[in-house]
Number of protein chains: 4
Amino acid sequence: MNRDSGNGPGVQPLRERVRRATRAAILEAAEAVFSARGFGAARMEEIAEQAGVAVGTLYNYFDDRSALLLAVLEESARELEERLGDPALLAEGPFVQQLERFFAKVLEHQQAHFRLFAILVQEELEQGRLPARPVRRPALLKPMHRLAEQLVASGVRQGALRAEDADLYPTFLVAMLRGLFTRQLCARGAPPEVAEAPRLARFFLHGAGGHR
Amino acid sequence: MNRDSGNGPGVQPLRERVRRATRAAILEAAEAVFSARGFGAARMEEIAEQAGVAVGTLYNYFDDRSALLLAVLEESARELEERLGDPALLAEGPFVQQLERFFAKVLEHQQAHFRLFAILVQEELEQGRLPARPVRRPALLKPMHRLAEQLVASGVRQGALRAEDADLYPTFLVAMLRGLFTRQLCARGAPPEVAEAPRLARFFLHGAGGHR
Amino acid sequence: MNRDSGNGPGVQPLRERVRRATRAAILEAAEAVFSARGFGAARMEEIAEQAGVAVGTLYNYFDDRSALLLAVLEESARELEERLGDPALLAEGPFVQQLERFFAKVLEHQQAHFRLFAILVQEELEQGRLPARPVRRPALLKPMHRLAEQLVASGVRQGALRAEDADLYPTFLVAMLRGLFTRQLCARGAPPEVAEAPRLARFFLHGAGGHR
Amino acid sequence: MNRDSGNGPGVQPLRERVRRATRAAILEAAEAVFSARGFGAARMEEIAEQAGVAVGTLYNYFDDRSALLLAVLEESARELEERLGDPALLAEGPFVQQLERFFAKVLEHQQAHFRLFAILVQEELEQGRLPARPVRRPALLKPMHRLAEQLVASGVRQGALRAEDADLYPTFLVAMLRGLFTRQLCARGAPPEVAEAPRLARFFLHGAGGHR
DNA sequence: CATGAATGAGGGTTCATTCAT
DNA sequence: AATGAATGAACCCTCATTCAT
């Protein structure tokens with residue numbers, strides 16, 4: 001409004017900022033609706049309503065429903081990756097602390113996005129489907145799996161983990177997180193506390209067996 | 001009354017046999033299609049085709065799409081329950097063997113119904129949704145959870161399991177099975193081998209920690 | 001059973017009697033269901049159930065749904081005609097008595113078949129429709145109209161009725177019966193009493209005007 | 001704010017006008033199709049065709065088939081009420097003139113909407129049915145009945161009508177109109193002329209009896 | 001660009017009719 | 001001739017997508 005109110009380089013940023021804000025509002029609304037209804041049952045109209053725009057506007061930002069879905073998933077995956085990308089995570093200290101930090105990070109993310117996380121968990125299995133219209137799904141929990149693998153490799157290198165079943169450990173790391181998440185969500189409607197991280201680590205390292 | 005024996009108890013059983021066969025064919029086709037497409041995307045027409053009947057026939061056996069879905073789920077739950085109902089499972093021997101038998105039984109079931117099992121796992125999370133039209137879903141994996149709880153309780157009683165995190169153990173038992181299942185299904189398109197049971201048991205009892 | 005129990009002229013009547021009984025049962029059931037649901041909403045299966053036969057059997061007696069409907073209507077028309085065919089109706093006595101007997105007869109019929117009568121009344125208007133599949137409907141209330149016309153003609157001949165609006169009188173005779181019927185049915189769920197006949201006759205002869 | 005006058009209050013009214021026009025087109029088409037086919041046999045597709053819109057559009061304006069039907073009926077009832085709401089109808093002059101005006105008004109309405117009027121008449125009886133899914137129908141001919149009752153009450157007060165059968169008079173007023181209507185429609189495919197009003201009034205006041 | 005009404009293919013469901021037993 | 005399961009055309013309705021304003 002101050003200067004460059006014409007067509008100069010000052011207007012473009014304004015337009016650009018509005019565009020970004022609209023896009024963000026749509027993505028947020030889409031996440032909310034996908035989370036509440038599930039991917040299959042989420043309707044474009046409800047997303048538009050929630051975002052405060054007209055349905056047509058959705059199509060100005062995303063090619064179609066699939067693209068919107070994909071964008072939501074990618075956005076979430078990107079955010080999880082960011083959270084887990086902290087190099088300090090693996091860097092230092094005894095293995096048990098690395099492990100606890102890993103669990104804590106994922107639990108934090110579950111807290112922040114637990115509804116959508118539920119969908120991600122669910123959708124992981126959707127991979128095996130023959131879709132009516134084939135749809136590319138990103139590997140959503142890939143960052144988590146990748147980090148789990150790095151963690152296990154690191155643990156084995158340090159001699160903190162036995163090597164014999166090492167192929168299963170990443171799977172179990174993720175499975176425990178998912179299992180706890182599902183249990184809490186079904187039982188209390190809320191994701192697990194970050195404070196559960198040490199118990200997860202203890203089980204992962206020593207199992208449930210009695211003789212310690 | 002006697003002469004009717006070729007007409008009463010002779011003909012009726014035929015009709016009845018055909019009915020049962022048709023019903024079974026529909027359920028099987030429905031399981032296949034629900035598994036391949038997911039619950040939301042399964043179309044009645046495809047189920048009918050797969051079953052080798054007309055669409056209308058589906059409605060002679062099941063009230064509507066929901067009822068068919070429910071019947072498939074109940075059938076599967078019933079079968080899993082049957083499989084896990086074997087009292088020998090918990091009865092005798094050292095705890096590690098009980099544990100291995102439990103894992104083996106569930107892995108067997110996954111082998112038999114792996115496609116549908118994928119859906120069951122997926123649907124467990126569907127519980128938290130706000131459905132458009134509310135739908136009663138049976139607690140499909142309940143039998144598995146229940147048995148896991150019994151197993152843990154038994155292990156704690158025998159001193160084979162530490163009591164401190166016992167509230168988490170059933171969740172982890174199931175989560176490990178689910179995690180392994182998902183990994184195999186995504187990686188190879190096939191469920192895990194029953195032979196994995198001892199490795200599952202080992203991890204559950206001793207964890208991944210290195211000092212044995 | 002006594003003689004001719006073979007293939008002779010004694011067996012045919014038995015078969016014939018059974019056929020007639022079945023046919024009658026179907027017609028009765030059809031009347032009931034048509035009356036309860038309306039012609040459009042009456043389903044063949046419900047008719048079969050009510051008649052105590054299988055659906056297929058309906059088609060052994062009637063070509064299709066339309067034919068069954070037609071048969072019900074014709075049956076009812078025949079019965080009304082029979083009731084109104086009594087020659088004593090027009091034969092003797094002062095006109096007002098003829099009139100009262102006419103009203104009483106129709107009211108009787110309404111009592112006996114009031115549900116179906118409601119349909120007949122309703123269907124009279126269906127004539128003007130463009131049917132999806134053209135269907136021949138019999139002139140169901142024709143007997144009633146015909147008798148009304150005879151009655152009016154007789155009244156005019158006797159000098160009991162003014163001639164000037166005589167073309168309208170049969171219409172009004174029937175309309176009054178129908179109006180009373182509809183009113184009672186809607187208000188009380190029951191057809192009018194036969195005892196209303198004199199009031200109908202009085203209105204028809206003298207109108208509602210005050211100066212007598 | 002001022003410049004928007006081509007965009008705010010200028011564009012909105014356009015959309016609004018189009019909406020109203022579309023809604024009106026749908027209602028008109030629906031009246032035509034309901035009238036031509038009857039309520040049960042009217043198909044949404046035909047209504048859409050007749051209105052020049054797609055099927056989906058019908059559902060942008062009305063919740064479902066029932067709601068559309070209801071809207072048509074209410075619209076018609078509203079219009080009849082408007083037509084009969086003229087206070088001059090009962091206000092002045094000798095009773096016979098009030099009566100003739102009443103008949104004339106209803107005959108006018110029959111002229112304007114004779115097809116739908118046929119349905120209204122028919123549907124009045126539908127009330128007594130056990131519907132598959134219960135459906136609220138508005139009291140469509142209520143305005144006509146109500147006015148008939150007022151007219152009779154007024155006539156009795158003025159001493160123009162005998163009080164003894166006054167409970168039947170409104171029924172007969174309506175019945176005569178309906179009877180005449182049905183007769184003309186069946187016989188000529190057209191509703192009765194407004195010019196019939198005096199004959200209706202004469203019969204209502206004096207009946208058909210000969211001695212004047 | 002935003003808007004939101006129009007579109008119409010697609011899916012669930014019903015039910016008159018057929019036909020093998 | 002009776003049976004009743006199978007059939008599939010026909011209908012209502014949904015909702016992703018388009019496009020004129």
Side-chain angles (χ1 to χ4, degrees), chain A residues 15 18-19 22 41-49 52-66 68 132-133, chain B residues 7 10-12 14-16 18-19 21-23 40-48 51-66 68 132, chain C residues 15 18-19 22 41-49 52-66 68 132-133, chain D residues 6-7 10-12 14-16 18-19 22-23 40-48 51-66 68 132:
Chain A
R15 285 218 173 140
V18 171
R19 264 196 81 80
T22 307
R43 293 180 307 105
M44 295 300 272
E45 198 182 326
E46 191 176 354
I47 294 172
E49 242 170 67
V53 300
V55 265
T57 302
L58 302 183
Y59 290 86
N60 289 332
Y61 288 83
F62 301 94
D63 277 353
D64 57 18
R65 196 174 171 282
S66 280
L68 178 52
R133 306 177 192 166
Chain B
N7 203 344
V11 158
Q12 288 303 347
L14 172 60
R15 280 243 164 117
E16 192 54 27
V18 171
R19 264 196 83 82
T22 305
R23 195 190 137 94
R43 293 178 305 106
M44 295 301 272
E45 198 183 330
E46 190 177 356
I47 295 173
V53 301
V55 209
T57 302
L58 302 182
Y59 292 87
N60 288 337
Y61 288 85
F62 302 94
D63 276 352
D64 56 15
R65 199 173 166 284
S66 278
L68 178 51
Chain C
R15 286 221 173 139
V18 170
R19 265 197 80 80
T22 305
R43 293 180 307 104
M44 296 299 272
E45 197 182 327
E46 190 175 356
I47 294 172
E49 243 170 66
V53 301
V55 264
T57 303
L58 301 182
Y59 290 86
N60 289 333
Y61 288 83
F62 301 94
D63 276 352
D64 56 16
R65 195 175 171 280
S66 280
L68 177 52
R133 306 176 193 170
Chain D
N7 201 345
V11 158
Q12 288 304 346
L14 172 60
R15 279 243 164 117
E16 193 54 26
V18 172
R19 263 197 84 82
T22 306
R23 195 190 138 94
R43 293 178 305 105
M44 294 302 271
E45 199 183 330
E46 191 177 355
I47 294 173
V53 300
V55 207
T57 301
L58 302 182
Y59 292 88
N60 288 335
Y61 288 84
F62 301 95
D63 275 352
D64 56 16
R65 199 173 165 283
S66 280
L68 178 51

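Chain identifiers are assigned alphabetically (A, B, ...) following the order of the sequence lines, protein sequences preceding nucleic acid strands; residue numbering begins at 1 within each chain.
A sub-4.0 Å separation between OP1 or OP2 of E:dA6 and a side-chain N or O of D:Tyr61 is present. The phosphate of E:dA5 has neither OP1 nor OP2 within less than 4.0 Å of any side-chain N or O from D:Thr57. Proximity of B:Thr22 to the phosphate of F:dA5: no side-chain N or O atom is located under 4.0 Å from OP1 or OP2. Distances shorter than 4.0 Å separate some side-chain N or O of C:Asn60 from OP1 or OP2 on F:dA2. For the pair D:Arg19 and E:dA5, the criterion of a side-chain N or O lying under 4.0 Å from OP1 or OP2 is met.
Side-chain proximity of B:Tyr59 to the nucleotides F:dA16, E:dT14, F:dT21 is greatest for E:dT14. Of the candidate nucleotides E:dA20, E:dT3, F:dA16, E:dA20 has the atom lying nearest to any side-chain atom of B:Arg15. Of the listed nucleotides (E:dG8, F:dA5, E:dC15), E:dC15 has the atom at the smallest distance from the side chain of C:Arg43.
With hydrogens and angles ignored, the 3.5 Å screen pairs no side-chain donor or acceptor of D:Thr57 with any backbone N or O of D:Val53. Proximity of a side-chain donor or acceptor of C:Arg65 to a complementary backbone N or O of C:Ala42 within less than 3.5 Å is detected. For the pair B:Arg23 (side chain) and B:Phe62 (backbone), a donor-acceptor distance under 3.5 Å is absent.
To the nearest angstrom, C1' of E:dG10 lies 10 Å from CD of B:Glu45. C:Glu49 places its CD atom 16 Å from the C1' atom of E:dA16, with the value rounded to the nearest Å. Note: CD1 (B:Ile47) to C1' (E:dG10) measures 16 Å, nearest angstrom. The interatomic distance linking D:Glu46 (CD) with F:dC12 (P) rounds to 10 Å, in whole Å. Residue D:Leu58 contributes atom CG, which lies 12 Å from atom P of E:dG8 at whole-angstrom precision.
No side-chain heavy atom of C:Val55 sits less than 4.5 Å from a side-chain heavy atom of C:Glu49. In this structure, C:Leu68 and C:Met44 have side chains that are in contact, with non-hydrogen atoms separated by less than 4.5 Å.
Using the Watson-Crick or G-U wobble rule with both distances under 3.5 Å, E:dC15 pairs with F:dG8. Taking a pair to require two hydrogen-bonding distances under 3.5 Å in either a Watson-Crick or a G-U wobble arrangement, F:dA1 remains unpaired.
Across all strands, C:Ala41 comes closer than 4.0 Å to no nucleic acid atom at all (heavy-atom distances). Residue D:Ala42 is in sugar-phosphate contact alone, with no base atom involved, counting any heavy-atom pair closer than 4.0 Å across all strands shown.
Of the two residues near DNA chain F, A:Met44 and D:Gly40, the one whose nearest nucleotide lies more 5' is D:Gly40. With DNA chain F read from its 5' end, the first of the two nearest nucleotides for D:Asp64 and C:Gly56 is the one closest to C:Gly56. In terms of position on DNA chain E, the residue among D:Val53 and C:Arg65 whose nearest nucleotide sits closer to the 5' end is D:Val53. The residue among A:Val18 and D:Gly52 whose nearest nucleotide of DNA chain E lies closer to the 5′ end is A:Val18.
Among all heavy-atom pairs drawn from A:Ala48 and A:Ala54, the shortest one is CB-C, 3.9 Å.
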